[in-house]
Enquirer: 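I have a structure here, written as structure tokens, and I will follow up with some questions on it.
As a basis for the values below, the full set of heavy atoms in this structure was taken, side chains included, without hydrogen atoms, waters or symmetry mates. Proteins come first, then strands; the chains are lettered A, B, ... in the order of their sequence lines, and each starts at number 1.
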2 protein chains.
Amino acid sequence: MAAVILPTIDAEVPAGGLSIGAVSEATGLSIDTLRYYEKAGLLLDPAPRDPGGRRRYGHDDLDWIAGLIMLRETGMSIADVRRMAELSRVPDTEAERLVVLEAHRERVLAELEHTRAHLTALEKKISAYTAVIALTADHDDDPAS
Amino acid sequence: MAAVILPTIDAEVPAGGLSIGAVSEATGLSIDTLRYYEKAGLLLDPAPRDPGGRRRYGHDDLDWIAGLIMLRETGMSIADVRRMAELSRVPDTEAERLVVLEAHRERVLAELEHTRAHLTALEKKISAYTAVIALTADHDDDPAS
DNA sequence: GCTTGACCTGGAGCGCACTCCAGGTTGCAC
DNA sequence: GTGCAACCTGGAGTGCGCTCCAGGTCAAGC
């Protein structure tokens, strides 16, 4: 399970596309999750099927999934990703999509800031504990104790 | 509902302590959440009660709750906060607590890094959209179009 | 032709972190 | 002493995001 970080997935797509198992491998999403996302309308379209009815993901599908992962990993809800997908199915909505992405970016920045602030508190607490322990250790290190 | 950021809560504690409503106000935690945390063992001890059976939070209780919020807001699970509370009830476990806090800090840093990486992808996507829209706008702005 | 493993569908189940509810008590204000 | 808001308890319910399951199909290898 390769951890996907950037909006490209490092898997060459053979002619005929990738199986759901291969996509799961490449993205780190479970097979069940991939099916769930499809059913939930998070993909632009259901993945194309081969004659036997199995999913065969192409290049475009992977690109979309990479973007989807980017949104989910930055905390966008399933419902909001679905809205983004719905919007992306409508032609000439680039401006609207941009608005959504920028609003999301703002939320992500705010959340990072929020977490960082609490992290500072955590580090203060760690310092306090370190100080207390240093004192105790002094005591214990006393060869006469 | 004041947003609590640092491990101190800005509310003077009158003699006799604060009601659960006042603590909810001061911390931003809902009354139900405060009761839930208590029942779930996230507090050092159940909040002290007045003769009528109502909760009266003292200084120490608020300090602990502030630390609890710090842990929750940096993504520690309820189960792990409970473990921390259990540990904190045992005397002379400062070193163990420090280990837990430092491990948590590492996780928080990793998660921040992870989110930042995905944020970068998001910003790349935003740039791409901005470029596309600029082109479209050029078109539309053409007085002859 | 048989086995095996990867895949299919619809739907149920789960873990988490609350949130809500019913029915009751308390205590102050008038 | 009546009304009212704030509080109490135990327990049920909720929303989210998966995850698992039963029962079946398909395709490649032996």
Side-chain angles (χ1 to χ4, degrees), chain A residues 1 4 11 14-43 45-58 61 65 68-85 107 111 118, chain B residues 1 4 11 14-43 45-58 61 65 68-85 107 111 118:
Chain A
M1 45 163 151
V4 173
L18 291 172
S19 70
I20 194 169
V23 174
S24 171
E25 279 287 303
T27 60
L29 298 177
S30 76
I31 289 176
D32 273 323
T33 298
L34 282 164
R35 290 199 274 242
Y36 163 66
Y37 282 178
E38 179 178 312
K39 210 191 292 193
L42 269 57
L43 304 188
D45 301 293
R49 308 301 155 108
D50 69 12
R54 282 108 189 272
R55 291 173 180 80
R56 290 274 126 190
Y57 296 83
D61 301 311
I65 290 170
L68 186 167
I69 289 172
M70 170 195 83
L71 295 176
R72 293 285 302 125
E73 295 289 307
T74 47
M76 187 179 280
S77 70
I78 295 286
D80 284 354
V81 175
R82 176 167 39 238
R83 263 166 234 129
M84 188 69 191
R107 275 195 302 278
E111 221 244 85
H118 285 287
Chain B
M1 42 165 152
V4 173
L18 290 172
S19 71
I20 194 169
V23 174
S24 171
E25 279 287 303
T27 60
L29 299 178
S30 76
I31 289 175
D32 273 323
T33 297
L34 282 164
R35 290 199 275 241
Y36 164 64
Y37 282 178
E38 179 177 312
K39 211 192 291 193
L42 271 56
L43 304 188
D45 301 292
R49 307 303 156 106
D50 69 11
R54 283 106 188 273
R55 291 172 180 80
R56 292 273 126 191
Y57 296 83
D61 302 310
I65 290 170
L68 185 167
I69 289 172
M70 170 195 81
L71 295 176
R72 292 286 302 125
E73 294 289 307
T74 47
M76 187 178 280
S77 69
I78 295 287
D80 284 355
V81 175
R82 176 168 39 238
R83 263 166 234 129
M84 186 70 192
R107 276 194 303 278
E111 220 243 87
H118 285 287

Enquirer: Taking the nucleotide of DNA chain C with the nearest heavy atom to each, does B:Arg35 or B:Met76 sit closer to the 5' end?
Expert: B:Met76
Enquirer: Check whether any side-chain N or O of B:Tyr37 sits under 4.0 Å from OP1 or OP2 of C:dC18, and answer yes or no.
Expert: yes
Enquirer: Which comes earlier along DNA chain C counting from the 5' end, the contact point of A:Arg56 or that of A:Lys39, where each point is its nearest nucleotide?
Expert: A:Arg56
Enquirer: Holding to side-chain hydrogen bond (donor to acceptor under 3.5 Å, both in side chains), I want the full list of residues that pass it with A:Arg83, two or more places apart in sequence or in another chain.
Expert: A:Asp80
Enquirer: Nearest whole Å is fine: how far is C:dG15 C1' from B:Ile78 CD1?
Expert: 12 Å
Enquirer: B:Arg72: what forms a side-chain hydrogen bond (donor to acceptor under 3.5 Å, both in side chains) with it, not counting sequence neighbours?
Expert: B:Tyr37
Enquirer: Return the value, rounded to whole Å, for the distance between atom CD of B:Glu38 and atom P of C:dT19.
Expert: 17 Å
Enquirer: So, using side chain to side chain contact (heavy atoms under 4.5 Å, CB included) as the criterion, who are the partners of B:Pro46 when residues are at least two apart?
Expert: B:Glu38, B:Arg49
Enquirer: So, does B:Thr33 get its side chain near the phosphate of C:dT19, meaning an N or O under 4.0 Å from OP1 or OP2?
Expert: yes
Enquirer: Show the numbers, then the answer: is there a side-chain contact (heavy atoms from CB on, under 4.5 Å) between A:Leu68 and A:Leu43?
Expert: CA-CA 8 Å; A:Leu68 186 167; A:Leu43 304 188; 3.8 Å; yes
Enquirer: Take atom CG of A:Leu34 and atom C1' of C:dC7, then tell me their distance rounded to the nearest Å.
Expert: 13 Å
Enquirer: My understanding is that only residues two or more places apart in sequence, or in another chain, count here; which of them pass side-chain hydrogen bond (donor to acceptor under 3.5 Å, both in side chains) with A:Asp32?
Expert: none
Enquirer: Please list, chain by chain and in numerical order, all residues satisfying side-chain hydrogen bond (donor to acceptor under 3.5 Å, both in side chains) with B:Ser30, sequence neighbours excluded.
Expert: B:Thr33
Enquirer: Does A:Arg49 reach a base, just sugar-phosphate, or nothing at all? Heavy atoms under 4.0 Å.
Expert: sugar-phosphate
Enquirer: Between A:Leu18 and A:Asp61, is the side-chain contact (heavy atoms from CB on, under 4.5 Å) condition met? List the steps.
Expert: CA-CA 10 Å; A:Leu18 291 172; A:Asp61 301 311; over 6 Å; no
Enquirer: Shorter than 3.5 Å, N or O on both sides, protein versus nucleotides 26-30 of chain C: list them out with atom names.
Expert:
{"unit_1": "C:dT26", "atom_1": "O4'", "unit_2": "B:Arg54", "atom_2": "NH2", "d": "3.2"}
{"unit_1": "C:dT26", "atom_1": "O2", "unit_2": "B:Arg54", "atom_2": "NH2", "d": "2.9"}

Enquirer: Taking any atom closer than 4.0 angstrom to a non-hydrogen atom of chain A, what span of DNA chain D does the protein reach, first nucleotide to last?
Expert: D:dG17 to D:dA27
Enquirer: Apply side chain to side chain contact (heavy atoms under 4.5 Å, CB included) to A:Asp45 and list each qualifying residue two or more places apart in sequence or on a separate chain.
Expert: none
Enquirer: Residues two or more places apart in sequence or in another chain: which of them pass side chain to side chain contact (heavy atoms under 4.5 Å, CB included) with A:Arg56?
Expert: A:Ser19, A:Asp50
Enquirer: Both A:Ser77 and A:Asp32 contact DNA chain D. Which one's nearest nucleotide lies toward the 5' end?
Expert: A:Ser77
